[in-house]
Amino acid sequence: MKKALIAVGLMLIGVSAADPGPFGGLAQGLDGFGDYKRGAEWTVFQLQLLPVYPFRLFHERTANYGLAVNVWGNIWGDYGNNYGLSLNGYAEGGHNYGIGLGVYQKFRRNSGLTIGIFNGVAYGNYGLQAGVINFCSNGSYVPGTVNGNTGVQFGLVNICDEIRDEYGEGGKVTAVHPVENNLQIGVWNQADSGWQFGLLNHNRRSPIPWMIFANYSAPADAADDSSPDSCAGGCYVID
């Protein structure tokens with residue numbers, strides 16, 4: 001019996017680091033001793049108590065295709081994505097293609113469904129955010145791209161009006177750009193563009209920025225280049 005159990009264990013964890021498979025991280029000391037290159041590429045179960053080794057089963061860059069339970073920290077990091085169900089206390093990072101349920105969860109991008117008290121994205125929401133507070137927190141401007149909410153935000157408070165910094169020589173901010181918004185439904189909605197339905201709606205680029213019940217302004221232009229002319233009616237040039 002003992003030999004049989006050992007054999008089964010080796011079948012589960014005895015996977016080479018070059019092709020780790022779903023249990024490769026275990027073969028390298030749970031999550032590759034903190035080195036994602038030695039850990040698993042994907043898993044069907046992730047458990048993380050803290051965002052550091054050894055308080056997690058797999059590295060934060062390990063993609064989840066099943067169930068992930070995250071108490072505090074990064075389950076997905078910069079590259080590991082969620083394709084299944086993730087239960088989160090406090091979590092940041094990655095691209096969500098599945099379902100995220102939690103207290104505070106902030107993905108880099110969301111193409112699925114997030115339900116929680118605080119739902120955020122660092123770059124873009126392409127799916128549905130449903131919660132008490134939904135927000136966009138956007139990074140630097142990249143010509144030809146649009147960040148923000150191109151999906152739907154549904155909650156008591158929906159905020160997607162943070163601007164993106166455009167950097168010039170020497171790392172100096174030369175202009176700031178509004179982010180995209182498609183649709184917000186809530187009590188208080190705040191954005192730079194798009195449709196809003198709620199008790200109070202603030203749309204910075206609308207002819208009437210503050211409106212009750214509904215508001216709208218034309219979407220931000222994804223085709224903007226980095227020249228000052230592209231900022232007419234869009235970004236704000238900084239001298």
Side-chain angles (χ1 to χ4, degrees), residues 88 90-92 95-166 173 175-226 228-238:
N88 307 307
Y90 178 95
E92 292 192 3
H95 194 146
N96 176 51
Y97 294 94
I99 300 175
L101 304 176
V103 178
Y104 179 97
Q105 48 195 1
K106 178 183 175 183
F107 295 91
R108 291 174 68 84
R109 295 175 177 84
N110 173 48
S111 295
L113 170 65
T114 59
I115 302 175
I117 298 178
F118 297 93
N119 297 311
V121 288
Y123 291 98
N125 172 50
Y126 318 120
L128 172 63
Q129 292 178 308
V132 178
I133 298 177
N134 303 306
F135 65 93
C136 305
S137 177
N138 294 274
S140 59
Y141 171 74
V142 178
T145 66
V146 170
N147 290 343
N149 172 41
T150 57
V152 177
Q153 290 184 322
F154 179 82
L156 294 180
V157 178
N158 301 304
I159 302 173
C160 197
D161 69 338
E162 289 196 17
I163 55 179
R164 296 174 291 162
D165 294 334
E166 179 180 339
V173 177
V176 290
H177 297 253
V179 299
E180 177 68 282
N181 174 58
N182 180 47
L183 174 63
Q184 295 176 321
I185 303 174
V187 176
W188 174 29
N189 301 309
Q190 185 166 323
D192 286 318
S193 61
W195 287 99
Q196 299 170 304
F197 297 96
L199 185 62
L200 183 61
N201 306 285
H202 182 220
N203 196 318
R204 190 174 353 206
R205 300 173 71 229
S206 171
I208 306 176
W210 291 95
M211 289 285 290
I212 59 173
F213 304 130
N215 207 345
Y216 173 79
S217 71
D221 187 1
D224 278 354
D225 59 33
S226 58
D229 291 340
S230 70
C231 296
C235 56
Y236 309 90
V237 178
I238 299 176

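Residue numbers start at 1 and run along the sequence shown.
- Contact record, A218 with S193: O-CB, 3.2 Å, taken as the closest heavy-atom pair.
- Under the 6.0 Å distance and 45° angle rule, R109 counts as a cation-pi partner of Y123.
- For L156, the side-chain contact (heavy atoms from CB on, under 4.5 Å) criterion is met by V132, V187, not counting sequence neighbours.
- Side-chain atoms of Q105 never come within 3.5 Å of backbone atoms of G120 as a donor-acceptor pair (strictly under, hydrogens ignored).
- Checked against side-chain contact (heavy atoms from CB on, under 4.5 Å), S206 has the following partners two or more places apart in sequence or in another chain: N203, N215, S217.
- Residues satisfying the ring-ring contact (aromatic ring centres under 6.0 Å, His included) test with Y104, not counting sequence neighbours, are Y90.
- The aromatic rings of Y126 and H95 sit tilted relative to each other, their planes meeting at an angle between 30° and 60°.
- Residues meeting the side chain to side chain donor-acceptor pair (under 3.5 Å) test with Q129, sequence neighbours left out: Q153.
- Side-chain contact, N96 with N110: a donor N or O sits under 3.5 Å from an acceptor N or O.
- Of the possible donor and acceptor atoms, none in the side chain of N181 sits under 3.5 Å from a partner among the backbone N and O of A191.
- Residue G148 comes nearest to C136 through the heavy atom pair C-SG, 3.8 Å, listed as atom of the first residue, atom of the second, then distance.
- At a threshold of 4.0 Å, the pair D192-R205 does not count as salt-bridged, since none of the basic side-chain nitrogens sits closer than that to a carboxylate oxygen.
- Without hydrogens or angle criteria, Q196 side chain to H202 main chain gives a donor-acceptor distance under 3.5 Å.
- By the 4.5 Å heavy-atom criterion applied to side chains, C160 and Q190 are not counted as neighbours.
- Applying the ring-ring contact (aromatic ring centres under 6.0 Å, His included) criterion to Y216, with sequence neighbours excluded, gives W195.
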